[in-house]
Amino acid sequence: MLLGFETSDDAAVYQLRDDLAAVLTVDFFTPVADDPYDFGCVAAANALSDAYAMGATPLVALNLLALDSALGTEVAGRIISGGQAKVQEAGAFTVGGHTIDDPEPKYGLCVFGTVHPQRVVRNAGAQPGDVLFLTKPLGTGIMSAAHKIGEITDVDMQVAIDSMKELNRAASEAMLEAGAHAATDVTGFGLAGHLHEMLAASGCSARVSFEALPQFPLVWDLTCMYCRPNRLFSIMDFAEPFTRVGGADEDEQDNRMSILCDPQTSGGLLVAIPPENAAAFETSFERRIGRPPARIGEVTEGEPGIITVY
């Protein structure tokens, strides 16, 4: 067993032989999109992301589906079809899975992949001087909350859904080329929570530029309106001891903190790249996906896990 849950990594890693290790992960959640097919795509991309964050290649996936049987097979088929499309895009195979009758829909995947034991990218390993990159915009939680109460339109929300459907394959390939020291995907604990885990495991701190953080359109206005998902508040309480947020006044600091702590669904990769390879990572990622990654800050010496936002 090369890696378990001791450093809050994204997947378990089990060595099979000197040049091959198995990567195992599982993830599922309740709907984040009204369309069953989109929901399946997002859930599958989210589950596959854990393997990509470790630098692994997904090979096989199993469906995990909970659905009210009264909804019939058409809805189930649409969800699974969405998941299957993303697994195929990843170059992997879906080989069955398990379903249960449940009044609250849930869907996701159990994913098996492989990686060379010496090329596993972990949470731990970031070093002072490393450049921090984020590969997708922030704000899926805030956008979802706003959409549920009619503050934004379906068209507005589709921008976030399309981002959630995007695989982190390009980011994974680019970080391997650039010799990433550490990586994780940004999901339910927000950027602040996942960066803290990386820094604590690595024995480092970090400085982050708030202006450099990528955000979906409308997210800043929405959070200033206090349109936030319920879980965001508990994450803010969790992150307050290790996050130092600058700003013109308390309101601005609070709004910035909400962006940092917004729980993401199928967010981007957060990657620590050696400074001499930062430009190569930017070039490699943009060549694959058509946009540059966001250069959000740097790893620094200091109290492990502390994040300073300026």
Of all the heavy-atom pairs spanning [X] and [Y], show the shortest one and how long it is.
X: M175; Y: G55; value: CE-N, 3.7 Å
X: A182; Y: A124; value: CB-O, 4.0 Å
X: Q253; Y: G247; value: NE2-O, 3.5 Å
X: A145; Y: P229; value: CB-N, 3.8 Å
X: A294; Y: A212; value: CB-O, 3.9 Å
X: V186; Y: G190; value: CG1-C, 3.7 Å

(request) Sequence neighbours left out, what pairs pass ring pair (Phe, Tyr, Trp, His ring centres under 6.0 Å) with at least one residue falling in residues 288-310? (result)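 Residue pairs with at least one partner in residues 288-310: there are none.
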(request) Taking atom types as modelled, find out whether T94 and Q84 have a side-chain donor-acceptor pair closer than 3.5 angstrom. (result)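 Distance-only check passes for T94 and Q84.
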(request) For E301, look at atom CD and say whether over 12 heavy atoms of other residues, nucleotides or ligands are found less than 6.0 Å away. (result)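 It does not: E301 CD has 12 such atoms or fewer within range.
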(request) Mark yes when over 12 heavy atoms from residues, nucleotides or ligands other than D18 sit less than 6.0 Å from its CG; otherwise mark no. (result)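 Incorrect, the count does not exceed 12.
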(request) Take R119 and D19, measure what salt bridge (Lys or Arg N to Asp or Glu O under 4.0 Å) needs, and give me the verdict at the end. (result) CA-CA 10 Å; R119 300 198 76 192; D19 63 345; over 6 Å; no
(message) What verdict does the side-chain contact (heavy atoms from CB on, under 4.5 Å) test give for F29 and K106, after you've listed the backbone C-alpha separation in whole Å, the side-chain angles of each residue and the deciding distance to 0.1 Å?
(response) CA-CA 5 Å; F29 47 67; K106 306 171 189 71; over 6 Å; no
(request) State yes or no: are the ring centers of Y226 and F233 separated by less than 6.0 Å? (result)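 Ring centroids of Y226 and F233 are less than 6.0 Å from each other.
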Quick one: pull up [atom1] in [X] and [atom2] in [Y] and give me the separation to the nearest 0.5 Å.
X: H147; Y: S144; atom1: NE2; atom2: OG; result: 8.5 Å
X: E303; Y: L199; atom1: CD; atom2: CG; result: 11.0 Å
X: D162; Y: F216; atom1: CG; atom2: CZ; result: 9.0 Å
X: I259; Y: R228; atom1: CD1; atom2: CZ; result: 8.0 Å
X: R169; Y: R288; atom1: CZ; atom2: CZ; result: 9.5 Å
X: I235; Y: N230; atom1: CD1; atom2: CG; result: 11.0 Å

(request) Apply side-chain contact (heavy atoms from CB on, under 4.5 Å) to M143 and V219, showing your working. (result) CA-CA 7 Å; M143 293 284 281; V219 166; 3.8 Å; yes
How about [X] and [Y]: do any of their side-chain heavy atoms sit closer than 4.5 Å?
X: P58; Y: V87; value: no
X: T135; Y: F285; value: yes
X: F28; Y: T30; value: no
X: P292; Y: E282; value: no
X: V111; Y: V26; value: no
X: L20; Y: H116; value: no
X: L132; Y: L195; value: yes
X: Q158; Y: D156; value: no

Do [X] and [Y] land in one hydrophobic cluster if side-chain heavy atoms of ILVMFWY residues count as linked below 4.5 Å?
X: I79; Y: M164; answer: yes
X: L176; Y: V115; answer: no
X: L64; Y: V23; answer: no
X: L270; Y: F281; answer: no
X: I142; Y: M257; answer: yes

Does [X] reach the main-chain N or O of [Y] with its side chain, forming a donor-acceptor pair under 3.5 Å?
X: R291; Y: K136; answer: no
X: Q15; Y: V13; answer: no
X: S202; Y: G125; answer: yes
X: N168; Y: G268; answer: no
X: D38; Y: D35; answer: no
X: N63; Y: G97; answer: no
X: S234; Y: R231; answer: yes
X: S258; Y: N255; answer: yes
X: D9; Y: A11; answer: no
X: T283; Y: A279; answer: yes

(request) Test side chain to side chain donor-acceptor pair (under 3.5 Å) on T300 and S205 and set out the steps. (result) CA-CA 5 Å; T300 59; S205 57; 2.8 Å; yes
(request) Give me the ring orientation class for H194 and F189: parallel if the planes are under 30° apart, tilted from 30 to 60°, perpendicular past 60°. (result)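 Geometry flag for F189 against H194: perpendicular rings.
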(request) Using a strict cut-off of less than 4.0 Å between a Lys/Arg side-chain nitrogen and an Asp/Glu carboxylate oxygen, indicate whether R78 and E74 qualify as a salt bridge. (result)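 Looking at E74 together with R78, the answer is no, because their closest N to O distance does not fall below 4.0 Å.
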(request) Give the intermediate values and the outcome of side chain to side chain donor-acceptor pair (under 3.5 Å) for residues T265 and T140. (result) CA-CA 6 Å; T265 300; T140 60; 4.6 Å; no
(message) Quick check on side chain to side chain contact (heavy atoms under 4.5 Å, CB included): which of D10, D185, T184 does L269 satisfy it with?
(response)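 Among the candidates, only D185 passes.
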(message) Between F93 and L59, does the side-chain contact (heavy atoms from CB on, under 4.5 Å) criterion hold? Intermediate values first, please.
(response) CA-CA 6 Å; F93 296 94; L59 298 177; over 6 Å; no
(request) Quick one: do L213 and V208 satisfy side-chain contact (heavy atoms from CB on, under 4.5 Å)? Show the steps, please. (result) CA-CA 8 Å; L213 297 180; V208 171; 3.8 Å; yes
(request) Dump the intermediate steps for side chain to side chain donor-acceptor pair (under 3.5 Å) on D50 and T25, then the final yes or no. (result) CA-CA 7 Å; D50 287 337; T25 184; 3.1 Å; yes
(message) Run T187 and Q264 through side chain to side chain donor-acceptor pair (under 3.5 Å) and show every step you take.
(response) CA-CA 4 Å; T187 51; Q264 301 302 285; over 6 Å; no
